[in-house]
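Here the structure is laid out as C-alpha cells; the discussion comes afterwards.
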Protein chains: 2
Amino acid sequence: MLSFTEENYLKALLHITLEVEHKNEAGTNELASYLGVKPATATDMLKKLKDKKLISYEKYGKISLSDSGRNKAIEILRKHRLWETFLYEKLDFTWDEVHEVAEQLEHIQSQKLVDKLDKFLGFPEYDPHGDAIPNAKGELKPSFKKTLSEAEEGTTCRMVAVKDNTVSFLKYVSQLDLGINTHIQVLARQPYDGSMEILINDSKITVSQKFAENILIV
Amino acid sequence: MLSFTEENYLKALLHITLEVEHKNEAGTNELASYLGVKPATATDMLKKLKDKKLISYEKYGKISLSDSGRNKAIEILRKHRLWETFLYEKLDFTWDEVHEVAEQLEHIQSQKLVDKLDKFLGFPEYDPHGDAIPNAKGELKPSFKKTLSEAEEGTTCRMVAVKDNTVSFLKYVSQLDLGINTHIQVLARQPYDGSMEILINDSKITVSQKFAENILIV
DNA sequence: AAATTAAATTAGGTTTATCTAACTTTTATT
DNA sequence: AATAAAAGTTAGATAAACCTAATTTAATTT
C-alpha cells in the first residue's frame with residue numbers, strides 16, 4: 001500500500017515523462033518543483049521509490065518509472081479523471097472546480113469503488129478537460145485533442161471539452177445545446193473566415209472560427 | 001484544518017459519548033481502545049485537541065467534546081453517512097461494504113462537495129444502516145430506530161434499513177419489492193405469533209414476526 | 001581544459017503520530 | 001485506612017515527510 005505522498009510522486013513522474021513525447025525521464029529538481037517541495041526532499045523519496053522498484057534511478061542520474069510504477073500512476077490518473085467526470089456530470093461542478101477535489105478523491109483505496117464508479121458513469125473515455133481516461137486494463141488512449149476548427153468537412157465528431165472557460169463562452173455553448181458527448185457533423189467550412197456550418201441534434205447552425213477553436217473534439 | 005487523525009479522534013469521541021444516553025464523556029483508555037492505539041498515544045493527542053479547544057479535558061480527568069469539537073465531529077459524521085448512502089444507492093454497494101470506503105471518503109475536504117452530494121441524493125434523512133444523517137446545519141434527528149414489528153396497527157411507516165445482512169434475508173426482502181424508502185402500511189398484527197399483514201406498493205402481504213424484527217423503519 | 005554555474009546529494013534538524021517501559025494518580029477491595 | 005488494581009501520564013524512540021545549509025557531481029561557458 002502506497003502513501004498519499006508516494007502516490008503523488010508517481011503521478012508527478014507520469015505527468016512529467018508524458019508531457020514531452022518520448023522524453024520518458026525526469027530530473028530531481030524538475031520533480032521537486034512540480035510537487036512544490038525542495039530537491040533534498042525529492043532525493044529522499046526517490047531512494048524509497050527505488051527500493052520499492054517503482055522507478056529506475058541512479059544517484060545523479062535521470063528518473064524514469066518502472067512498469068509497476070507506471071501502472072500504479074496510471075491507476076491514480078484513472079481515478080482522478082473518473083472523479084472529475086463524476087463531479088462535472090453528476091454533481092454540476094464547473095470545469096475549473098473539479099481538479100482540486102479530484103486531487104483528494106484519487107487517493108481513495110477501493111478497487112470496487114473505481115470499477116463501480118466507472119460503470120455508473122457509463123465507462124467514459126474522456127474527462128471534462130478532454131483528457132483520455134485510462135480503462136480498467138490501464139490502457140490510455142492517445143488523447144488526440146483536436147479542436148472543432150481542425151475537423152474535416154463531412155466528418156462527424158464528438159465534443160469532449162471546452163478550452164475557453166469564460167462565462168460568456170459557456171453560456172453560448174449551452175445556448176446551442178452543445179455539451180460533453182454531443183455529436184457534431186461538420187457540413188462545410190467557409191474558406192473566407194473559417195466559419196463552419198455544423199449539424200447538432202438535427203439542427204444546422206453556423207459558428208465562427210474563434211468559437212470552433214474553443215471546442216475540443218474526438 | 002484538521003488532520004485525518006484528529007478528525008478520527010473527534011469522530012470516536014462523538015461516537016463514544018453518544019453511545020450511552022447522557023453519558024457525554026469518555027476515558028483515555030476507552031478512546032484509545034476504540035481507535036486501536038495505545039493509551040499513551042491518545043494522551044498526546046488529547047493535549048493537542050485541548051490546545052485547539054476541540055475538547056474539554058484535564059489531566060487524569062474525563063474527556064468531552066467542546067461545541068466546536070462536536071460540530072466538527074458531526075460534519076464528519078454527515079459526510080460519512082452521505083457517502084454510505086451514495087455507495088449504497090448509486091453504486092450498488094451492499095450494506096456491509098459501504099462502511100470501509102466511507103471511512104476514507106469522510107475526510108475529503110470540500111464544503112461544495114458535501115452540499116452537492118446531499119442534493120444529488122435528494123437530501124436523505126437516513127443512511128443505509130438506518131442512522132440519521134445530520135443536515136447542513138448539523139441537526140441530527142434523534143434516530144428513532146424501530147423495527148417493523150414495533151409499528152402500530154393502522155399506521156404507515158417507511159423502511160430505512162435492515163438489521164439482518166444475510167443473503168437469504170436480503171433475497172427475500174428484494175423479492176417482496178421492499179427497499180430503502182418503501183412505504184409500509186401496517187394492516188393487522190396476529191396476536192398468536194406476531195405475524196403481520198402489511199401493504200406495500202398496493203399489494204397486501206403477510207410477514208412473520210422474525211422478518212418484521214429485521215426491518216428498520218421510521 | 002579550467003572555471004563557473006547548475007543540478008543533485010548528504011547531514012542534521014523538525015513535526016506528527018505512533019510505540020514501549022516506567023511512573024503516577026485514581027478507584028476499588030479487603 | 002491500607003493496599004492492590006486499574007487508569008492515565010511521562011519520557012524517550014521510531015518512521016515518514018519535510019526543511020536548511022553545506023557539499024559533491026555534472027554540465028556549460030569562456
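As a basis for the values below, the full set of heavy atoms in this structure was taken, side chains included, without hydrogen atoms, waters or symmetry mates. Chain naming here is simple, since letters A, B, ... match the order of the sequence lines and numbering starts at 1 in each.
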Could you state the atom-to-atom distance from [atom1] of [X] to [atom2] of [N] in whole Å?
{"X": "Glu25(B)", "N": "dG8(D)", "atom1": "CD", "atom2": "C1'", "answer": "15 Å"}
{"X": "Glu6(A)", "N": "dA15(D)", "atom1": "CD", "atom2": "P", "answer": "15 Å"}
{"X": "Ile63(B)", "N": "dA7(D)", "atom1": "CD1", "atom2": "P", "answer": "13 Å"}
{"X": "Asp51(A)", "N": "dA15(D)", "atom1": "CG", "atom2": "P", "answer": "14 Å"}
{"X": "Met45(B)", "N": "dT10(D)", "atom1": "CE", "atom2": "P", "answer": "16 Å"}
{"X": "Leu31(A)", "N": "dC18(D)", "atom1": "CG", "atom2": "C1'", "answer": "14 Å"}

By the ring pair (Phe, Tyr, Trp, His ring centres under 6.0 Å) test, which pairs, at least two apart or in different chains, include something from residues 26-47 of chain A?
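Listed once each, the pairs are His15(A)-Tyr34(A).
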Can you tell me if NZ on Lys23(B) sees more than 12 non-hydrogen neighbours from other groups inside 6.0 Å?
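Enclosed: over 12 neighbouring heavy atoms sit under 6.0 Å from NZ of Lys23(B).
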Lys38(B) side chain N/O closer than 4.0 Å to the phosphate oxygens (OP1, OP2) of dT20(C)?
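Affirmative; the distance criterion is met.
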Across nucleotides 6-14 of chain C, 5' to 3', mark each nucleotide with B, S or - according to how protein heavy atoms within less than 4.0 Å reach it.
-SSBB----
What nucleic acid atoms does Phe4(B) come within less than 4.0 Å of, heavy atoms only: base, sugar-phosphate, or nothing?
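Nothing, no heavy atom under 4.0 Å.
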Residue pair Lys116(A) / Leu91(B): nearest heavy atoms and the distance that separates them:
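The pair with the smallest heavy-atom distance is CD-O, 2.9 Å.
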With salt bridge (Lys or Arg N to Asp or Glu O under 4.0 Å) as the rule and sequence neighbours excluded, what pairs involving residues 101-112 of chain B come up?
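Only Glu97(A)-Lys112(B), Lys11(B)-Glu103(B), Lys11(B)-Glu106(B) qualify under salt bridge (Lys or Arg N to Asp or Glu O under 4.0 Å).
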Quick one: sort the Phe4(A) and His107(A) rings into parallel, tilted or perpendicular, breaks at 30° and 60°.
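Answer is parallel, since the angle falls under 30°.
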Are Phe169(A) and Phe211(A), when compared by the centres of their aromatic rings, separated by less than 6.0 Å?
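When the ring centroids of Phe169(A) and Phe211(A) are compared, they turn out to be within the sub-6.0 Å range.
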